[in-house]
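One-based numbering along the sequence shown.
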Amino acid sequence: MEEAKSQSLEEDFEGQATHTGPKGVINDWRKFKLESEDSDSFPPSKKEILRQMSSPQSRDDKDSKERFSRKMSIQEYELVHRDKEDENCLRKYRRQCMQDMHQKLSFGPRYGFVYELESGEQFLETIEKEQKITTIVVHIYEDGIKGCDALNSSLTCLAAEYPMVKFCKIKASNTGAGDRFSSDVLPTLLVYKGGELLSNFISVTEQFAEEFFTGDVESFLNEYGLLPEREVHVLEQTNMEEDME
């Protein structure tokens, strides 16, 4: 008697926006999915499956129940996995956008190491003939001057991390203007772009602790906006965000 009454209540409320009980909620959800989908987004066969899913079959008809369960499982599987596929497509799209952006930002020559300039003429040629979009960092040093070796080592590491920046070094005695670059002003960093001097840091190691590392030099240059954003850092951040989703 109770079972018949419960079934009667479900039939009375069939077609309304809200059902009570798990079965009613599931039926509402299926009808909502069918009504909310664009009429062109599903082929007739799939829409028929959804209609059948939204209309419960007779409990006494074993074959109908099995067919209903099978169709429900197939359709629910497709709906769930379609959402997962959409999410995967979105991630792939984001990754592709990031790669496209990096290609545009890194357009131009790439270097990856520190160039040794042998003369003042080579120094001037590097500044004047390099592409205008390229940032050039020149370290003027001399053997035996405190901080010069450590700075050369740091620039070697930065050159690998910022291949779109051209890092160079030249001995003060080879510049043709050795009197202007005495030991009192070494090591000196000069930064150029488009043939113009952007920054001039004399005795630059005075800005660091007695023992400094690549990260210290990188932070110093970034404070003045002289380094672009690292490509590797951006890609790693994107991957971490995707892994967290």
**Prompt:** Are Leu226 and Ile127 linked, directly or through other ILVMFWY residues, by side chains that come within less than 4.5 angstrom of each other?
**Reply:** no

**Asked** Rounded to the nearest 0.5 Å, how far apart are CG of Asn174 and OH of Tyr141?
**Response** 7.5 Å

**Message:** Using side-chain contact (heavy atoms from CB on, under 4.5 Å), reason through Glu118 and Lys171 one step at a time and then give a plain yes or no.
**Reply:** CA-CA 8 Å; Glu118 303 291 344; Lys171 287 185 176 181; over 6 Å; no

**Asked** Counting only N and O atoms by type, is there a donor-acceptor contact under 3.5 Å from the side chain of Asp216 to the main-chain atoms of Phe212?
**Response** no

**Item:** Test item: Glu130 and Pro109 side chains (from C-beta on) under 4.5 Å apart, heavy atoms
**Value:** yes

**Asked** Taking C-beta and beyond as the side chain, do Glu211 and Phe213 meet within less than 4.5 Å on heavy atoms?
**Response** yes

**Prompt:** Would you say Thr126 and Lys166 make side-chain contact, with heavy atoms under 4.5 Å?
**Reply:** yes

**Message:** If you define the side chain from C-beta out and look only at heavy atoms, does anything of Leu117 sit under 4.5 Å from Cys168?
**Reply:** yes

Less than 3.5 Å apart, which donor and acceptor atoms pair up between the side chains of residues 148-156 and the rest of the protein, not counting sequence neighbours?
| residue | atom | partner | partner atom | Å |
| --- | --- | --- | --- | --- |
| Asn152 | OD1 | His139 | ND1 | 2.7 |
| Ser153 | OG | Asp149 | O | 3.2 |
| Ser154 | OG | Ala150 | O | 3.1 |
| Thr156 | OG1 | Asn152 | O | 2.9 |

**Prompt:** If you round to the nearest 0.5 Å, how far is CD of Gln122 from OG1 of Thr175?
**Reply:** 13.0 Å

**Message:** Distance check, rounded to the nearest 0.5 Å: Leu227 atom CG versus Leu221 atom CG?
**Reply:** 4.5 Å

**Request:** Could you grab the distance from atom OH of Tyr162 to atom CZ of Phe167, nearest 0.5 Å is fine?
**Result:** 8.0 Å

**Message:** Any heavy-atom pair between the side chains of Val138 and Phe123 that's under 4.5 Å?
**Reply:** yes

**Close side-chain approach of Pro228 to Thr135, heavy-atom, < 4.5 Å** = no

**Item:** Ile145 reachable from Val114 in the ILVMFWY side-chain graph, under 4.5 Å edges
**Value:** no

**Request:** Establish whether Ile136 and Leu124 are linked, either directly or via other cluster members, by ILVMFWY side-chain heavy-atom contacts under 4.5 Å.
**Result:** yes

**Message:** Check for me, please, whether Met164 and Tyr111 land in the same ILVMFWY cluster - side-chain distances under 4.5 Å, paths through other members count.
**Reply:** no

**Message:** Using the rule that Ile, Leu, Val, Met, Phe, Trp and Tyr join whenever any side-chain heavy atoms are under 4.5 Å apart, tell me whether Val165 and Tyr224 fall into a single cluster.
**Reply:** yes

**Request:** Taking all non-hydrogen atoms of both residues into account, name the closest pair between Glu218 and Glu161 and its distance.
**Result:** OE2-OE1, 4.0 Å

Please tabulate, for the side chains in residues 182-208, all donor-acceptor contacts under 3.5 angstrom to protein atoms that are two or more places apart in sequence or on a different chain.
| residue | atom | partner | partner atom | Å |
| --- | --- | --- | --- | --- |
| Thr188 | OG1 | Val185 | O | 2.5 |
| Ser203 | OG | Asp184 | O | 2.8 |

**Cation over ring face, Lys169 and Tyr115, 6.0 Å, 45°** = no

